There are 2 protein chains.
Amino acid sequence: MTTDIYPSMTVADNEQKERPVEKMQLGKQVKAIRKQNNLTLEEAGKLTGLARSTLSKIENEQISPTFAVMQKLAAGLNIDIPQLFTKPEKAQATGRRDITKSGQGVPHLTPTYEHELLSTQLSQKKMMPYRSRVHARSFDDYGDWVRHEGEEFLLVLEGEVELYTEFYEPTKLTVGDSAYYDAMMGHVVISTSSEDALILWVTTS
Amino acid sequence: MTTDIYPSMTVADNEQKERPVEKMQLGKQVKAIRKQNNLTLEEAGKLTGLARSTLSKIENEQISPTFAVMQKLAAGLNIDIPQLFTKPEKAQATGRRDITKSGQGVPHLTPTYEHELLSTQLSQKKMMPYRSRVHARSFDDYGDWVRHEGEEFLLVLEGEVELYTEFYEPTKLTVGDSAYYDAMMGHVVISTSSEDALILWVTTS
DNA sequence: ATTAAAAGTTTCCAATTGGAAACCTTTGTT
DNA sequence: AACAAAGGTTTCCAATTGGAAACTTTTAAT
């Protein structure tokens, strides 16, 4: 070993420590998925291009399917391969809700926007909704692209705006129009009407 | 949920549409991971409990390993199985966007709602936005609670509604009001004004 | 209850995988 | 350059998978 910052793997290392083995039954999972789609082995066979006997054996853990077969399975059932052996993480049913009356959100001001954060009572949520008045009137009001992790959905509530996104032509949006984009792609919204535009935004956390 | 928005799978369905096949080379990936850890086939063999000939053949795509072997591989190299065939997601910047002009979404009708699905061009997205006219005028129009995986955000665009959620008192919402809740908690929205209410909904996938 | 059809399991065997060892190739040393 | 050693590939074969068809169980209908 040279001077690695992080210890690299060694044979000895691993022979010791046990990694918590993926103890999910691939078979159980496949069967569950098939049942969820109300398919018989015959039908699933048609979809995946596999013999129903093969499917039966996989479901009953009598054989360990090859990767090629797993690909056929996933493609045929229209799912991703990991779903074949990963438990569908059970809804963390928080059983909570949070209502925000109009105008009662948490304000957050910037030169270009006047944000009103919604649903701020729930901390662990997967989406971040907020409503914003757009002050910006030109791309230069931002200086540069806005860019961050996650995906973003927006809906125009009032006014008219122009949505600038990297790689695309600027697009005019009016009340009721919406857009969905990868937020890592540079993006910026400016108001093109006389008054400020009002936008609803939802971002993934 | 009784009123599914998305159609369920059928045999006919799938025989038509091709799912973009995971065209990642499992072999390339395995080799890359082994190299990253500065392991020889011999060493990797020790770690995983597989013959170096087997590893060689897997890396060169000469054989399709069984799931059992993939488990050994993952355990031995101390990674998760999906990493064996998934490119290390580079902030998965899809670099895509999808704009839906007002009224141009995909319609979906139920007795209680008139949905307009937004941003349907992007398939792998994390949020599902749609705009709905609420026909329902009483809880009984639904028969039972609506309940499903994920979280839900809603914003009232027009009209007045009453939001029923399990464990909470019904709440009146008017234009601009919003709510965020765990969708596993029973929920239902009814219009309380003379005309149908219009709601924006965003659900996690 | 009986029968027919559908769904699922098991058997049998050809095709493919996985391991041991032989066989190449590359790297490093003199 | 020649050699040795390490790393990697290919061969050969036993073990296992995957498909076709036989067989058993379940469901539905009379």
Side-chain angles (χ1 to χ4, degrees), chain A residues 1-2 4 8-15 21-22 24-77 79 81 84-85, chain B residues 8-15 19 21-22 24-77 79 81 84-85:
Chain A
M1 172 154 65
T2 53
D4 278 325
S8 72
M9 189 181 313
T10 72
V11 176
D13 254 3
N14 228 53
E15 274 173 343
V21 179
E22 288 259 7
M24 180 61 203
Q25 310 288 56
L26 178 136
K28 294 283 182 201
Q29 189 69 13
V30 171
K31 184 164 193 169
I33 293 169
R34 177 172 65 84
K35 289 297 187 188
Q36 273 170 31
N37 291 2
N38 280 93
L39 297 172
T40 65
L41 288 176
E42 183 66 39
E43 294 167 327
K46 272 271 170 50
L47 288 170
T48 58
L50 297 169
R52 71 173 188 281
S53 58
T54 303
L55 290 173
S56 171
K57 283 182 279 192
I58 289 173
E59 291 189 352
N60 295 308
E61 309 277 347
Q62 290 176 22
I63 63 177
S64 179
T66 60
F67 182 59
V69 166
M70 291 172 68
Q71 286 182 301
K72 285 189 185 181
L73 263 176
L77 299 178
I79 56 175
I81 295 180
L84 292 174
F85 48 85
Chain B
S8 73
M9 188 182 315
T10 74
V11 176
D13 256 3
N14 231 53
E15 273 173 344
R19 171 165 251 248
V21 178
E22 288 260 8
M24 181 60 206
Q25 310 287 54
L26 178 137
K28 295 282 183 202
Q29 190 70 13
V30 171
K31 184 165 193 169
I33 292 169
R34 177 171 64 83
K35 290 296 188 189
Q36 275 169 31
N37 291 63
N38 281 90
L39 296 171
T40 66
L41 287 176
E42 182 66 39
E43 295 168 326
K46 274 271 170 49
L47 288 170
T48 59
L50 297 169
R52 71 173 190 281
S53 59
T54 303
L55 291 171
S56 171
K57 283 181 278 190
I58 290 173
E59 291 188 354
N60 295 307
E61 310 277 348
Q62 290 175 22
I63 63 176
S64 180
T66 60
F67 182 60
V69 167
M70 290 172 68
Q71 286 181 301
K72 285 190 184 179
L73 262 175
L77 298 177
I79 56 176
I81 295 180
L84 292 173
F85 49 85

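Side chains included, hydrogens not; waters and symmetry mates left out as well; all remaining heavy atoms used. What you are looking at is a predicted structure, and each value in this text was computed from that prediction instead of being measured.
For B:Met70 and C:dT17, the CE to P distance is 14 Å, given to the nearest whole Å. When the P atom of D:dT17 is taken as reference, atom CD of A:Glu61 falls 12 Å away, rounded to whole Å. The CD-P distance, from A:Glu42 to D:dG19, rounds to 13 Å in whole Å. The CD-C1' distance, from B:Gln62 to D:dT10, rounds to 8 Å in whole Å. B:Ile58 places its CD1 atom 13 Å from the P atom of D:dT9, with the value rounded to the nearest Å. Atom CG in A:Asn60 sits about 17 Å away from atom C1' in D:dT16, given to the nearest Å. The interatomic distance linking B:Ile63 (CD1) with D:dT10 (C1') rounds to 13 Å, in whole Å. Rounded to a whole Å, the CG atom of B:Leu41 is 13 Å from the P atom of C:dG19.
Side-chain atoms of A:Lys57 come within donor-acceptor range of the base of D:dG19, with a qualifying N/O pair under 3.5 Å. Scanning atom types as modelled, one donor and one acceptor separated by under 3.5 angstrom connect the side chain of B:Ser53 and the base of C:dG19. Between the side chain of A:Thr40 and the base of C:dA7, no donor-acceptor pair of N or O atoms lies under 3.5 Å.
Taking the side chain as every heavy atom from C-beta outward, A:Leu84 and B:Phe67 never approach each other to under 4.5 Å.
Here A:Ser56 does not reach the OP1 or OP2 of C:dG8: none of its side-chain N or O atoms lies under 4.0 Å away.
Taking the six-membered ring for Trp and thresholds of 30 and 60 degrees, A:Phe85 and B:Phe85 have ring planes more than 60 degrees apart, a perpendicular arrangement.
Nearest-nucleotide assignment on DNA chain C puts the 5′-proximal partner with A:Lys35, out of B:Gly49 and A:Lys35.
Of the candidates D:dA22, D:dG18, C:dG18, the closest approach to any side-chain atom of A:Arg52 belongs to D:dA22. Ranking C:dG19, D:dG19, D:dT9 by closeness to the B:Ala51 side chain, first place goes to C:dG19. When the nucleotides C:dT9, D:dG19, D:dT17 are ranked by their closest atom to the side chain of A:Lys72, D:dG19 comes out on top.
Counting only distance, with no hydrogens or angles, the side chain of A:Ser64 and the backbone of B:Ala68 share a donor-acceptor pair below 3.5 Å.
The only member of A:Asn60, A:Leu39, A:Leu50 that meets side-chain contact (heavy atoms from CB on, under 4.5 Å) when paired with A:Leu55 is A:Leu50. Partner of A:Glu59 under the side-chain hydrogen bond (donor to acceptor under 3.5 Å, both in side chains) criterion, chosen from A:Gln29, A:Arg34, A:Lys35, A:Lys28: A:Arg34.
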